Amino acid sequence: MTIPAAELLDWYARSGRDLPWRDPALSAWQILVSEFMLQQTPVARVLPVWTSWVARWPTPSATAAASAADAVRAWGKLGYPRRATRLHACARVIADEHADVVPRDVDTLLTLPGVGAYTARAVACFAYGQPVPVVDTNVRRVVARAVRGVAEAGSPAAVRDHAEVAALLPDDARAPRFSAALMELGATVCTARGPRCAVCPLSRCAWRERGYPAAATPPRRAQRYAGTDRQVRGRLLDVLRASASPVRQHDLDLAWPDDEVQRNRALSSLLRDGLVQRTGDGRFALPGEG
DNA sequence: CTCCAGCGGC
DNA sequence: GCCGCAGGAG
């Protein structure tokens, strides 16, 4: 089964959200920033952070001129703050090695910090109009259902997914809009839980025609958060983000007072990840300040 | 495969 | 309370 481009594109033109990073006048850098922020993060939470970020740092070199600490602060509480340091590192590489121009081809994009299989193709497609398959979690789910007739995409199989989506892509200038529409359908209609099949624009869907078979494999165990090292890292970063100057060990201890072993483990991992640095006098700060 | 933040929705 | 989110790296 396939997905008729006209059907999907008509629905997208009518019902797609008007998201700012879909403005065709945007620079490749502004689109790249949106893709970093959208990694594992819902659109609604990215909107305000992206808007202020690209206004403050409109080019890679402008971003590179700031400190990594400023990048981490501007990242706010989007989550996965290593993305902020990777985006900052990515800006430096583009400014220093690519004449401040975001690379066009997928292989070069893949060499950039924080740019993986999804982001490289998203930039090549949405910023430069190339008809490469853009495969995120939404696309994998939509294709699994509409084309293959199964409830879930299963374990990531990048090569197979890319070939499958490439076969669906219209081979013309509609390709970027087709990919954006696939993602939009997965985000707003063909959702992981509670898909709204009654309003689906696709006239044919293998999953529906097979009677909505349940997933074959049991769902993966949910990620815990409360009590994990990730929560402790978040607390420690809260302290550092809030302080304009380096903080003492004692100030970090107060952020997670009851488990010294876990606190030290979290702090060590932050130092290892480059999200925190030790100053000359033994205090702690965000990277690139103090 | 595991870790990585944070939050809104059910 | 748990689920899932425009993923990437080790």
Side-chain angles (χ1 to χ4, degrees), chain A residues 12 16-17 19-22 31-50 72 75-87 89-90 109-127 132-143 151-158 161 165 176 178-188 190-196 215 218-238 240-241 255-256 262 265-266 268-270 272-276:
Chain A
Y12 181 60
R17 293 167 293 180
L19 302 175
W21 42 83
R22 289 175 177 165
I31 291 172
L32 176 60
V33 172
S34 77
E35 296 299 345
F36 264 79
M37 293 184 175
L38 287 162
Q39 292 166 3
Q40 292 285 285
T41 308
V43 163
R45 294 181 45 215
V46 168
L47 280 168
V49 183
W50 178 83
V72 170
W75 196 257
K77 299 188 69 94
L78 273 187
Y80 295 145
R82 275 187 294 180
R83 290 183 293 167
T85 56
R86 287 173 186 156
L87 179 55
C90 180
L109 286 162
L110 283 170
T111 68
L112 299 173
V115 176
Y118 164 77
T119 304
R121 288 170 180 79
V123 170
C125 179
F126 300 135
V132 295
V134 182
V135 181
D136 74 331
T137 185
N138 287 311
V139 171
R140 295 181 65 242
R141 184 177 55 253
V142 170
V143 170
E152 291 174 4
S155 59
D161 287 339
V165 174
F178 183 86
S179 282
L182 268 185
M183 296 167 66
E184 184 76 356
L185 189 66
T188 64
C190 195
T191 52
R193 282 185 302 175
R196 303 163 54 214
R220 288 177 41 74
R221 242 190 71 198
Q223 276 194 98
R224 296 282 184 274
Y225 177 61
T228 62
D229 288 4
R230 289 155 62 193
Q231 183 179 22
V232 183
R233 287 165 57 108
R235 294 284 179 83
L236 297 176
L237 282 178
D238 276 341
L240 292 159
R241 272 193 297 254
W256 194 261
Q262 187 179 32
R265 187 171 63 232
S268 295
S269 74
L270 288 171
R272 194 163 51 244
D273 289 344
L275 276 165
V276 176

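In what follows, chains carry the letters A, B, and so on, assigned in the order in which the sequence lines appear, proteins first and then strands, with residues in each chain numbered from 1. Everything quoted here is computed from the prediction, not taken from an experiment. Only this structure's heavy atoms are used, side chains among them; waters, hydrogens and symmetry mates stay out.
If you measure from atom CG of A/Leu78 to atom P of C/dG4, you get 21 Å, rounded to the nearest angstrom. Taking atom OH of A/Tyr12 as the reference point, atom P of C/dA6 lies 14 Å away to the nearest angstrom. Distance A/Leu185 CG to C/dC5 C1': 17 Å, rounded to the nearest Å. A/Tyr80 has its OH atom 9 Å from the C1' atom of C/dG7, to the nearest Å. The nearest whole Å value for the distance from the CZ atom in A/Arg83 to the P atom in B/dA5 is 10 Å. Distance CG (A/Leu237) to C1' (B/dC4): 11 Å, rounded to an integer number of Å. In this structure, CE of A/Met37 is placed 15 Å from C1' of B/dG6, rounded to the nearest angstrom. A/Leu87 places its CG atom 14 Å from the C1' atom of C/dG7, with the value rounded to the nearest Å.
Heavy atoms of A/Gly79 sit under 4.0 angstrom from at least one base atom. At a threshold of 4.0 angstrom between heavy atoms, the contacts of A/Leu19 include nucleobase atoms, whether or not backbone atoms are also involved. No engagement by A/Ala180 is indicated, since no non-hydrogen atom pair under 4.0 Å with the nucleic acid exists. Contact annotation for A/Arg86: backbone-only contact, meaning every heavy-atom pair under 4.0 Å involves sugar-phosphate atoms and none involves a base. A/Thr137 comes within 4.0 angstrom of sugar-phosphate atoms only, judged by non-hydrogen atoms across all strands, and of no base. Within 4.0 Å (heavy atoms only), A/Ala192 reaches sugar-phosphate atoms of the nucleic acid but no base atom. If you check every strand for non-hydrogen atoms under 4.0 Å, A/Arg241 touches sugar and phosphate atoms only. Note on A/Arg141: only backbone sugar-phosphate atoms sit closer than 4.0 angstrom, heavy atoms only; bases stay farther off. If you check every strand for non-hydrogen atoms under 4.0 Å, A/Val134 touches nothing. Across all strands, A/Trp21 comes closer than 4.0 Å to base atoms (heavy-atom distances).
Proximity note for A/Asp136 (side chain, C-beta onward) versus B/dC4, C/dG7, B/dG6: the nearest is C/dG7. For A/Ala187, taking side-chain heavy atoms from C-beta onward, the closest of the listed nucleotides C/dA6, B/dA5, B/dG8 is C/dA6. The side chain of A/Thr119 lies closest to C/dG8, out of C/dA6, C/dG8, B/dC4. Of the candidate nucleotides C/dG8, B/dA5, C/dC2, C/dG8 has the atom lying nearest to any side-chain atom of A/Gln39. The A/Arg82 side chain lies nearest to B/dC3 when the options are B/dC3, C/dC5, B/dG9.
Across C/dG10 and B/dG6, the matching C1' atoms stand 23 Å from one another, rounded to whole Å.
The side-chain hydrogen bond (donor to acceptor under 3.5 Å, both in side chains) search around A/Arg17 returns A/Glu184, not counting sequence neighbours.
The residues A/Arg241 and A/Asp238 are annotated as salt-bridged, a charged nitrogen and a carboxylate oxygen being separated by less than 4.0 angstrom.
Between B/dC3 and A/Arg230, no contact under 4.0 Å exists linking OP1 or OP2 to a side-chain N or O. Neither OP1 nor OP2 of C/dC5 sits under 4.0 Å from any side-chain N or O of A/Thr41.
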